[in-house]
Structures are given as C-alpha cells and as structure tokens.
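For clarity, every value in this text was computed on a predicted model and none was experimentally measured. Every chain is numbered from 1 and lettered A, B, ... according to where its sequence line falls, protein lines coming before strand lines.
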Protein chains: 2
Amino acid sequence: MSGNPALKDHIAAGILDAAAAVLAERGEAASMADIAAAAGVGRATLYRRFPNREALLQALARAAVQELDDRLAEAGLDTAPYPEALARLTRAFVATGSKYIAFMRSGHKPIEPAEVDRRLGEPLRELFRRGAADGSLREDLPPEVLLALFVGLIEAALVTATQGGLGVERASAAAISVFLDGTRDPRRRNH
Amino acid sequence: MSGNPALKDHIAAGILDAAAAVLAERGEAASMADIAAAAGVGRATLYRRFPNREALLQALARAAVQELDDRLAEAGLDTAPYPEALARLTRAFVATGSKYIAFMRSGHKPIEPAEVDRRLGEPLRELFRRGAADGSLREDLPPEVLLALFVGLIEAALVTATQGGLGVERASAAAISVFLDGTRDPRRRNH
DNA sequence: TCGGAGTGGTACATTGAAGTCCTGTTCCGA
DNA sequence: TCGGAACAGGACTTCAATGTACCACTCCGA
C-alpha cells in the first residue's frame, strides 16, 4: 500500500465506524477480536492502527464528539430562531448515530467531562438561554434539569432511529415536538 | 447465625442493594470483589449467596422488576385519571432508584424481554391507550415512539434524582410535566 | 520483475477477574 | 460452656481477553 496518509486516515475511519456499530450494540463487552472481525480486518492490523484498547476507545469518542461538533458548527444555530435551532441541534445529535451511542454507553469515560461539556453541553445551554429570553421556554425548571431531560429524549430518539428502524428525521421530529410543547412557556401556549 | 430464612433473605437483600449502587455507578465493569466490598461482606460470602456472577445479576434484575411491579400494583393506576396515573407510574419508576439504573445499564440482559415487556411495558401502553381514548394524549405519534421517549425521560429523571442530588419528587414532577404538556392532544390545549 | 510496505493469521506471554477451597475466627443457641 | 454454622480472608486454579512477536502472502510502484 502507498504511504498516502489520507488513505490511512480513511481506513482508520472505517475501522472506527465498525467499532462504533459493535460497541453501540454490545457495549463494553465487545472484545478487540469482535471489533476487528466487524471491521473486516485482522486483529494484528487493528493493533497496528490503535496501540491498545483504550487508544481505540478514545479515538472513537473523539471522532464522535468531533463529528457532532462539526455538524453543530455548520448548522448555523445562532442565525436561526430558537425552535428551529433546537430542531437542527437535535437532528445533528441523532444523525451521529452509532458513534454517539457507543460514546454514550461508554459513560463518556474516554474524554474529560469538561471538554464534553464545553463542546456539547454549552451550545445547548446557550440555546436554552435564548429560548428563555424570548419567552419560548418555561423558566420554572432549572437549566440542568431541562438539559438532563432533553438529553434523555435525544438519546431515546437516537436509539429508536438507529436500532428501532425509525429514520433520523421522524425520530428527531418526535423528540423535538415533545420537548418544545412540553417546555413551552405556559403564558404563551397559543401553539 | 440462626437458620432463620427470613433473616437470610434480608441479608441477601442488603447485598443486592449494595450491588445495585455499585453497578449503577460503575456499570458492568464492577467486579465481584468490588460488590463484596461495597456490601461489607467477604468475597466468599458473596459466592455463598449467589453461586456466580450471572446469578447475582439475574437476582438483582428480578428484584428491580419485582419492586417496580409491586409499586405499580399498589399505585392503583386503573382507579386514577390518566394524568394522575401517569404521575404515579413515573414516581414508582424513579423511586426504584439504583436498582432500576443497574438493571437499565445492564441492557435488560438478565431477564427475558418478553417478561419485562409484560410487567413494565404493558401497564404503560395500557395507560397510553386510556390517554388517547379520553383525548388527553396526542395520536399523531406511534405508541412505540411515545413509549421510547417516555422511557428516555424517566431514565433521565432517575439519574438526576439518584445521582444528581435532585429528589425523587422534583425529578419525577419535571419529567411528568414535560411529557404531559409535550404529548397533549393539540385539540385540547386548554391547559 | 523485484523490493518493500502493509496485511492476515497464529502462536505466545501476561494480566485480571471468576470461581473453588481451606483455615482460623466469631457468634448464636442449647 | 460447648458445638456448629456462618463468617472474613486469602491461596489457588481456570479462563478469556489483552498485547506482542513472528511468518508467509499480496499488492503497488519503480
């Protein structure tokens, strides 16, 4: 094979995709042999790309966060009104699919919580602040509770979309609709 | 020690409580030694009560489902109107705490899906049918999607209540409020 | 056609947890 | 006070997964 680094990255990305699928399904119980088999690659090759299991899990987590970060960046969240921005953010999460599920089922271990919060939690909180400011979001629930409930809805939609056969669009739409209606400011319940 | 079987059950229950706490926190990664230490019991004693790890996990899962089942039975779901019944059901889930979290983080593995569905899923679907029949629940989302989203909310509330410091009551109230408002039939949005 | 880099397969050592067994101790009931 | 049951602790074996090392093969470029 040529020394083309872009190709190597591409191969590594393919391995990560396969790893995401098997880790999303079987969780931490999946062995390196399982992952290699799922990627259609020899166990030795897997260890050639990632020196050990922890490195692979960390690379996978970083890929998940990076992909989501990219999707959020190109979603133009701050140029859209709150409900539309929330919808785009939700679709970004759900579209990340197995990669995010694997990251979520790892308990967010491989990455420092501060970084996850900065790159994923903060955009969400910023959105909530805007929603509260323009009167679209109820303010009787603390932001952390809103965040937790929203993430719960997103993760349910993610699993439904990826493993339940429902598509990204419909699963996202359901979660968005329930959250928006469920957290609308009561003084503005004119639909 | 006496051969009092009730006492033995009580000791076993104490071990299961400790196991639930450590498994809820560290997931499947927790070893038998960890569990024994958390229960304040020797590793040999742990193996005396539960012949192997799988037996312990299964006993824990059964205890979680049984406890939840009992709570649902005494909640009188079918004598209360839909919103109140849903609130009671939610509090029952959230009050089960670490035991349910451990069960949920095990991927519901130790128990057959059909049994879980019959004892936990079916009461929920029955409630949804009633809500739809009396016009309290929107019908534009398939029941399985409603179920998935509701479970997502419940699990988020469960973690927030148990590990996030918020109490059972407030976490449950938040989840119920968001779900009821978020899934109200649009034709009846008179608050 | 040839050389080398990358690959798959496999054999191997290492590690950590599961599960078994034994010993000395404690504690309860008779 | 005594006997037995259950206990904690630890030594031990087994086993599966991790990580390492090596070899033969393939494929690509020169």
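Atom pair A/F50:CZ and D/dT18:P shows a separation of 15 Å (rounding to whole Å applied). Between A/D34 atom CG and D/dA16 atom P there is a gap of 13 Å when expressed in whole angstrom units. Whole-Å rounding puts the A/I15 CD1 to C/dG8 C1' distance at 13 Å.
For the atom pair A/M104 CE and A/L23 CG, the distance stands at 13.0 Å (nearest 0.5 Å). The CG atom of A/L56 sits 5.0 Å away from the CE atom of A/M32 when rounded to the nearest 0.5 Å.
Using a 4.0 Å cut-off between charged nitrogen and carboxylate oxygen, B/R130 and B/D78 do not count as a salt-bridge pair. Taking a cutoff of 4.0 Å between a charged side-chain nitrogen and a carboxylate oxygen, B/E122 and B/R129 qualify as a salt bridge.
Ring pair A/H108/A/F103 is parallel by interplanar angle, where below 30° counts as parallel and above 60° as perpendicular.
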Annotated protein contacts, base or backbone, on nucleotides 11-21 of chain C with a non-hydrogen cut-off under 4.0 Å, one of B, S, - each: B-----SSBBB
